[in-house]
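First listed ligand is number 1; within each ligand, the first listed atom is number 1. From a predicted model like this one, the values you see are computed outputs, not experimental measurements.
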Amino acid sequence: MFTRLREDIATIRERDPAARSAWEVLTCYPGLHALIFHRFAHACWRANRRWLARFASQFGRFMTGIEIHPGATIGRRVFIDHGMGVVIGETAEIGDDCYLYHQVTLGVRGASSGKRHPTIGNNVIIGAGAKVLGPITVGDNARVGANSVVLDPVPADTTVVGMPARPVDRKLPRSTTPHFDPYGMPCDDSLDPLVRDLEGLRAELTEVEARVARLAAAQARQRQDEQSMPAGE
Ligand SMILES: CC(C)(COP(=O)(O)OP(=O)(O)OC[C@H]1O[C@@H](n2cnc3c(N)ncnc32)[C@H](O)[C@@H]1OP(=O)(O)O)[C@@H](O)C(=O)NCCC(=O)NCCS
């Protein structure tokens with residue numbers, strides 16, 4: 001139990017730049033508290049102590065704002081960031097190294113029995129407010145955009161966004177080791193920060209140039225229309 005707790009604290013410190021010490025993480029991260037409550041509730045659930053399991057889960061919800069059904073299976077080093085409003089259903093399964101933001105729902109799509117909640121692979125990021133519904137699978141290293149509604153299976157290494165969620169064009173580079181992109185954004189750490197800033201400025205300049213060109217063209221068209229209009233009209 002303490003090994004898992006130490007691992008969870010290390011994961012949060014590694015992933016959240018705002019986490020300054022292990023003590024701060026232990027005392028101020030509801031995502032961590034929710035997992036501690038869930039481990040107890042899940043053990044009760046497996047031992048067939050169903051009422052105690054539900055009670056522990058509801059108490060955890062009361063304390064953290066994160067509702068995890070005691071039957072849900074959650075892997076290692078999962079980080080629920082901010083957490084408020086997260087709902088994880090009974091037959092949901094979450095792999096290792098996943099990152100969930102606040103108001104994520106892993107829920108049922110319609111009334112059904114048996115396996116009715118999603119299965120999330122390893123190293124998946126689910127953005128704030130996203131809903132993943134039904135017994136679908138979200139593949140390893142996939143990313144779900146904030147506020148997306150996912151109704152279909154998501155292949156591994158894919159980013160999906162929107163309502164209903166659709167893959168964005170590019171495929172993510174396949175990674176063999178767990179790799180974390182803060183806020184789901186790919187970042188190239190090999191770039192010098194100054195070079196990165198310059199690249200950003202260059203992109204902005206290109207955009208401004210394109211806008212100026214569009215405005216100049218519109219103005220020229222307007223002038224041409226005015227000149228071609230017969231005098232007196
Ligand atoms: C989905 C996500 C991971 C994509 O990041 P990315 O790989 O950098 O992708 P881009 O920003 O280049 O976006 C790709 C396309 O998807 C669109 N898109 C990105 N996120 C979207 C979202 N949540 N909903 C709808 N469309 C979205 C972009 O507009 C872009 O569309 P375009 O190609 O037509 O221009 C990221 O946008 C996201 O939602 N991360 C979660 C962040 C979060 O929850 N933060 C909470 C912090 S408290």
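- One side chain, D16 or Y29, offers a donor N or O that lies under 3.5 Å from an acceptor on the other.
- For ligand 1, the atoms closer than 4.0 angstrom to any heavy atom of H102 are 48 (S).
- Here is the list of ligand 1 atoms found below 4.0 Å of a heavy atom in G127: 41 (C), 44 (O).
- Distance alone, capped at 3.5 Å, places no donor-acceptor pair between the T158 side chain and the A142 backbone.
- Taking every non-hydrogen atom of V168 and a distance limit under 4.0 Å, the qualifying atoms of ligand 1 come out as 15 (C), 16 (O).
- Residue G145 approaches ligand 1 through these ligand atoms, each under 4.0 Å from one of its heavy atoms: 1 (C), 23 (N), 39 (O).
- Nearest to atom 26 (N) of ligand 1 by heavy atom, out of N147, V160, V161, is V161.
- Using a 4.5 Å heavy-atom cutoff, the side chains of I94 and L100 are in contact.
- For the residue pair D157/N141, the side-chain donor-acceptor check at 3.5 Å is satisfied.
- Using a 4.0 Å cut-off to heavy atoms of H82, the atoms of ligand 1 that qualify are 48 (S).
- By the criterion of a heavy-atom distance under 4.0 Å, the side chain of T159, and not its backbone, is placed next to ligand 1.
- Of all non-hydrogen atoms in N122 and D96, the two that sit nearest each other are OD1-N, 2.8 Å.
- For atom 39 (O) of ligand 1, the nearest non-hydrogen atom from the set A146, P167, A128 comes from A146.
- Here the closest heavy-atom approach between residue P30 and residue I66 is recorded as O-CD1, 3.7 Å.
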